[in-house]
Amino acid sequence: MPSAIRIAEAVVDELLKQARADSGRECCGLLGGTEGLISRAYPAANASPNPATSYEIAPTDLFRLMREIRVAGLSLLGIYHSHPNGMNEPSRNDLQRATYPDAAYFIISPSDTAPRPVRAFSIHDGIATEVEILRW
Ligand SMILES: [Zn+2]
């Protein structure tokens, strides 16, 4: 995982919009792109039994979205979710459940006062390293 990832400005706007649309639940989804540039968001339903504090993408959704990404000629470059409450840093759950070491984990804060409402992390073996976001 490189130390920086590029993401289209329109996708950043879309993630913030989704995070703010339902501030009581975590939103989540996949990010597709090519050559290190994220060009599209693929929203998923949050299937977690505790959607206010965690997220889960149902396997059927995951397979469908992965297929959509492939069909569009893109690769999975990231996975995003929001933290409606608290800081947009990986939670213990996020660290334990991160299973894609090559994907950037984006965490969005819907708060207007968040210093950095969109952050990205690379997670390996339960340890997160922040990835710089380059808006494109
Ligand atoms: Zn989280």
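Just so we're clear, the structure is a prediction, and the values are computed from it rather than from any experiment. Order of listing sets the numbers, starting from 1, for every ligand and every atom in it.
Excluding water, every protein N/O/S atom under 2.8 Å from the Zn ion (ligand 1) is given here by residue and atom: H81 NE2, H83 NE2, D94 OD1, D94 OD2.
In this structure, CD1 in I107 is found 14.0 Å from OH in Y80, a value given to the nearest 0.5 Å. Considering CZ of R135 and CD1 of I5, their distance stands at 14.0 Å, rounded to 0.5 Å.
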> Going through the checks in order, is the side chain to side chain donor-acceptor pair (under 3.5 Å) test met by H81 and D94?
Replying inline: CA-CA 10 Å; H81 71 286; D94 293 338; 3.1 Å; yes

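Side-chain contact check for L30 versus M66: some heavy-atom pair is nearer than 4.5 Å. No side-chain heavy atom of T34 sits under 4.5 Å from any side-chain heavy atom of S39.
Residues forming a side-chain contact (heavy atoms from CB on, under 4.5 Å) with R92 (at least two apart in sequence, or on another chain): Q96.
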